[in-house]
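In what follows, every chain begins at residue 1, and chains take the letters A, B, ... in the order their sequences are listed. In this text, all values refer to a predicted model and were calculated from it rather than measured experimentally.
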Amino acid sequence: MSSFDESDAFEGASLSARAMAARPMPYLDDLNPEQRAAVEALEGPVLMLAGAGTGKTKALTTRIVHLLNTGTARPNEILAVTFTNKAAREMKMRVGRTLGEAIEGMPWLGTFHSICVKLLRRHAELVDLKSNFTILDTDDQIRLLKQLIRAAGIDDKRWPARALAGVIDNWKNRAWTPDNVPAGEAGAFDGKGVALYKQYQIRLRELNAVDFGDLLLHMVTIFQSHEDILAQYQRWFRYILVDEYQDTNVAQYLWLRLLAGGHKNICCVGDDDQSIYGWRGAEVGNILRFEKDFPGATVIRLEQNYRSTPHILAAAGGVIAGNKGRLGKELWTEAPEGEKVRLIGHWDGEEEARWIGEEIEAMQRGTRGMRAFGLDDMAILVRASHQMRAFEDRFLTIGLPYRVIGGPRFYERMEIRDAMAYFRLVVSPSDDLAFERIVNTPKRGLGDKAQQTIQRIARENGVSLLDGAALAVEQGAIKGKGAAALGKLVVDLSRWGRMTGDADLSHMELAEIILDESGYTEMWQNDKTPEAPGRLENLKELVKALEQFENLGGFLEHVSLIMDNESEEQGEKVSIMTLHAAKGLEFPAVFLPGWEDGLFPSQRSMDESGLKGVEEERRLAYVGITRAEEICTISFAGNRRVYGQWQSQMPSRFIDELPEEHVEVLTPPDLYGGGYGAAGGMGQSGLEQMAAEANVYNSPGWRRMQSRAGERPLSQPRESKSSVIDAQAISSHTMGERVFHQKFGYGAVIGIEGDKLEIDFEKAGVKKVVARFVTGADDVPF
DNA sequence: CAGTCCTTGCCGGCC
DNA sequence: GCAAGGACTG
């Protein structure tokens, strides 16, 4: 921005900035006026409302650079919080690059959780923990809760541990300790939620463990009850920056407000339209109330978009306009018009995957006057991870290289978690959860009964499970071959524990010894399932990953917080990921499949949160569309397999919200007598029908007409053309009617639920089936 | 106690 | 369609 000269740069700049004016600030020239204002308003509260693709990360990192470069703050005086490790890494990298590698690290740039771990280790004793506490992941958490539920004599089938975990997480996100849970929540989990929460916290304390929610909750508790400690950190962290502020939950919000309470030098960046984590406690309200909490705050809007074409922005804007209570931003761009957003409907989910696969190959070559795109330039963004399968299957078939982002993470794999349980037990022998995990892995002949004995002895003596096991062996309480194996395990573990102090032995070698001598490696070597080699490979990788750490303990700490797929494999590949994982990313060409009501917007979200749920789904749609730079392709299918059953789908309500003038409707391949499965079965009238449907996809009234016409599926299933299934039979079934199903045979209708029937089959028993696949028994043509 | 069959419930994303 | 968990059997 050459229109800004030096004197402009000093407007509103701090004294210290003036003092450092001698230093060049070339980085400021890269910014537009709004970004520059956000960077230079160093003192006092600042709220940066930054739309998608408006250079928010740039503004944020430049702000850090400016703080450092002007000498306003030293690296360790800046607290910069992000949500993901990826964002933290990126920010670190960009600060370093702009500054010319000069920073000696930013110790307080990281995720909420990683920063809280650091703080909590220093003050653990204030919440009755030791500073070497372990951090439970979701798996451990569920197992622990299950034990508590069973111990309370509650049927854990009707009241699953997962549900309780959800309730407790929710409370923690709102910064409610067991004593603070409001009376209105008392009914949670069959009225026993609060009591179980209390027990859970006691148990965590006994285990010297915390869960993710505790990291923040404990710190908020400490800050609230120890003014001196809070004051110390308020002085220490002189400047606070927060990324993705719209995603903060109440606990995070309180934490920030406490820390910023003195100087109020807090800069929050967010976009209320991209708030997509309400389900995990994020409060858009935090961004909406910023000006109330920090009176006199500078509010800066970044609205110039540097990412997408006008058509894409207009389509996204049209969708998000349906939400109420927005802060309101209007994105604009100087980019050339480009392609309209492309919309296409398909017969079913498999065909959608097939078409996208082909389209990707075509776009690689350059098609329809578009430029050629590399595979790295293209991404498929799905609503739910199970949608990925169809694409993986298809891409494997046609040999199209792809990468799944955010799939099953390395550290969540069974073999890795097992191996880490061994490491944990070696480092901290009282880690009961780790003990439970590996005591019979590999098989040592220690089943339920033996484990109960160990539990009992440990409890009676008030010792850890491992010590309890040692006692059990001494007392001869465990019989048979299990006794010897258990004895060996106990001895081995203490031996490995002593070896951690051995200076001649690297922790990598120790890790290998543990995995070998415990028989764990051998277990997988003897396993003949196809996954076994991959698991051994992963174990090798695990040992390799240890290299970057000083000892096993340091590694375990890292792993509990860094759960993302680090392995950035090389090579040109199409990316497949969820919409949630895509936030913050951008691609020249984006595919958005599965825009069908129930899938997107997700039924679950609507059931749980009603209109609020739909609005959050709409923001997710907005995030999806705004990931695209040049080409955005939205698609839906008329039929989709859900839980292995075919279901007819209605196009998403969001499709109706796309402004017509920015959308181009593509023709489904079937219209050309398509070479696949259609097998010439489609007659002329079928073609006309599909063509007619294709032409009205873009009419905003189309969906409404469809719904008025009843629950008519987008198109009849292909099977109706050639098989015994009579499409006309959809309409009416009556209770008690005798019907025929191709797979299950004859049966009687015992329930009707929309388009699904409950049928008591003579051979197959009671099943729920889609009405379309059932005919009246008399209609069977053989 | 481990392996196999069968039933059941489920598929929302992250630190 | 799949994985987890229970019942049953060797």
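The CZ-C1' distance, from A/Arg89 to B/dC14, rounds to 14 Å in whole Å. For the pair A/Arg640 CZ and B/dC11 C1', the interatomic distance rounds to 13 Å; values are reported in whole Å. Per the geometry, CD1 belonging to A/Ile135 stands 13 Å off P belonging to B/dC15, to the nearest Å. For the pair A/Ile168 CD1 and B/dC15 P, the computed distance is 22 Å after rounding to whole Å. Rounded to whole Å, atom P of B/dG12 lies 14 Å from atom CG of A/Leu579. Between A/Asp169 atom CG and B/dC15 atom C1' the separation is 11 Å, expressed in whole Å. For the pair A/Gln141 CD and B/dC14 C1', the interatomic distance rounds to 13 Å; values are reported in whole Å. Whole-Å rounding puts the A/Glu617 CD to B/dG12 P distance at 11 Å.
Among the protein residues, A/Lys583 comes within range of no part of the nucleic acid, since none of its heavy atoms lies under 4.0 Å from any strand. At a threshold of 4.0 angstrom between heavy atoms, the contacts of A/Phe83 are confined to the sugar-phosphate backbone, with no base atom among them. Backbone-only engagement by A/Arg389 is indicated by non-hydrogen atom pairs under 4.0 Å involving sugar-phosphate atoms exclusively. Looking at heavy-atom distances under 4.0 Å, A/Thr578 makes contact with sugar-phosphate atoms alone, never a base. Heavy atoms of A/Asp393 sit nowhere under 4.0 angstrom from any nucleic acid atom.
With sequence neighbours left out, the side-chain hydrogen bond (donor to acceptor under 3.5 Å, both in side chains) criterion links A/Asn286 to A/Thr248. Every residue two or more places apart in sequence or in another chain that forms a side chain to side chain contact (heavy atoms under 4.5 Å, CB included) with A/Arg162 is listed here: A/Ile142. A search for side-chain hydrogen bond (donor to acceptor under 3.5 Å, both in side chains) contacts involving A/Tyr253 returns A/Arg257, A/Arg289, A/Asp293, not counting sequence neighbours. For A/Glu436, the salt bridge (Lys or Arg N to Asp or Glu O under 4.0 Å) test picks out no residue, with sequence neighbours left out. Residues satisfying the side-chain hydrogen bond (donor to acceptor under 3.5 Å, both in side chains) criterion with A/Gln525, sequence neighbours excluded, are absent altogether. Residues that satisfy the salt bridge (Lys or Arg N to Asp or Glu O under 4.0 Å) test with A/Glu586, not counting sequence neighbours, are A/Arg307. For the side-chain hydrogen bond (donor to acceptor under 3.5 Å, both in side chains) test, residues two or more places apart in sequence or in another chain that qualify with A/Arg437 are A/Asp418.
When each of A/Arg280 and A/Asn440 is assigned the nucleotide of DNA chain B bearing its nearest heavy atom, the one mapping closer to the 5' terminus is A/Asn440. Heavy-atom distances to DNA chain B give each of A/Ala581 and A/Lys443 a nearest nucleotide, and the one nearer the 5′ end belongs to A/Lys443.
Closest to the A/His113 side chain, of the nucleotides B/dG12, B/dC15, B/dA2, is B/dC15. For A/Ser605, counting side-chain heavy atoms from C-beta on, the closest listed nucleotide (B/dA2, B/dC1, B/dG12) is B/dG12.
For DNA chain C, the outermost nucleotides in 5' to 3' order that have an atom under 4.0 Å from a heavy atom of chain A are C/dG1 to C/dG6.
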Each nucleotide N or O in nucleotides 8-10 of chain B that has a protein N or O under 3.5 Å away: list the pair and distance.
none

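In this structure a side-chain-to-backbone donor-acceptor pair under 3.5 Å is missing from A/Arg444 to A/Leu486.
Around atom CD of A/Gln603, more than 12 heavy atoms belonging to other residues, nucleotides or ligands sit under 6.0 Å away.
No option in A/Arg280, A/Gln252, A/Lys583 other than A/Lys583 meets the side chain to side chain donor-acceptor pair (under 3.5 Å) test with A/Asp247.
Residue A/Asn249 places none of its side-chain N or O atoms closer than 4.0 Å to OP1 or OP2 of B/dC15.
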